[in-house]
Amino acid sequence: MSALVTLFDKTFEPFLPESLIQEKIKELAEEINKDYAGKKPLFIAILNGSFMFAADLFKAINIEAEICFIKLASYKGAKSTGNVITAIGLDNDINNRHVIILEDIIDTGKTLSQFLPQLEHQQPSSLKIAVLLHKPDATIHPVHIDYCCFSIPNRFVLGYGLDYDGFGRNLKEIYQLKESE
Ligand code: 5GP
Ligand code: MG
């Protein structure tokens, strides 16, 4: 595995090797292939972070399935109740569909816990969450996770689609912020 990576002011150390990431994604895909045979699921991948995970997972899906990509934009609501999340690019009708959300990482759970009710409102046949990474110790807003590749410690990670200030997404492995940082 590669050595340290430095981006701006931060140093990252190797954490999850490429082979392990690929192995876990294949396992997850096999589970989904079994669970969704004949259901023609619609995967909704949340950009930007999930693009590599979504691509590798979808390549290992061998049942009839669709995929679309959305971006979540957060803006301050009129009331002081916090931010409002809107989905950009969700053109597919999810009513009566089996939907699987693909997310890179669940940290506090804030993003998904705000967004999921909007999808539920459209009454999909089922709605499940598949994540590459989950930081259980960071949870503030609990989200039910149906499929997860890795539960990881509460430390900032980088690579395989995940960025630090826009950079580092192209790393094939996942790195974590160095202990001393
Ligand atoms: P949450 O709403 O669950 O707190 O976090 C959602 C988003 O924050 C993730 O989709 C991801 O874009 C970003 N995020 C959370 N933790 C990390 C991390 O350790 N590394 C990177 N690169 N992004 C993170
Ligand atoms: Mg994300």
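As a basis for the values below, the full set of heavy atoms in this structure was taken, side chains included, without hydrogen atoms, waters or symmetry mates. Whatever order the structure lists ligands and atoms in, that order sets their numbers, starting from 1.
Salt-bridge annotation for E31 and K26: absent, with no side-chain N of the basic residue lying under 4.0 Å from a carboxylate O of the acidic one. Between K172 and E18, no side-chain nitrogen of the basic residue sits less than 4.0 Å from a carboxylate oxygen of the acidic one, so the salt-bridge criterion is not met.
At under 3.5 Å, not a single nitrogen or oxygen of L112, backbone or side chain, sits near a nitrogen or oxygen of ligand 1. In terms of N/O distances under 3.5 Å, ligand 1 is approached by G109.
Listed by atom number, the atoms of ligand 1 under 4.0 Å from T111 heavy atoms are 1 (P), 2 (O), 5 (O), 6 (C). Set against the non-hydrogen atoms of D163, the atoms of ligand 1 under 4.0 Å away are 21 (C), 22 (N). Heavy-atom contacts of K135 reach the following atoms of ligand 1: 16 (N), 17 (C), 18 (C), 19 (O) (cutoff under 4.0 Å). Less than 4.0 angstrom separates some heavy atom of E103 from each of these atoms of ligand 1: 10 (O).
Between F167 and F8, the ring-plane angle classifies as perpendicular under the 30° and 60° cut-offs.
A donor-acceptor distance shorter than 3.5 angstrom exists from the side chain of N33 to the backbone of A60, with no hydrogens or angles considered.
Contact between D104 and ligand 1 is present, with at least one heavy atom of the residue lying under 4.0 Å from the ligand.
Put simply, the residue from K39, R97, H98 that forms a side-chain hydrogen bond (donor to acceptor under 3.5 Å, both in side chains) with S126 is H98.
Counting heavy-atom neighbours within 6.0 Å of E64 CD, excluding the residue itself, gives a total of 12 or less.
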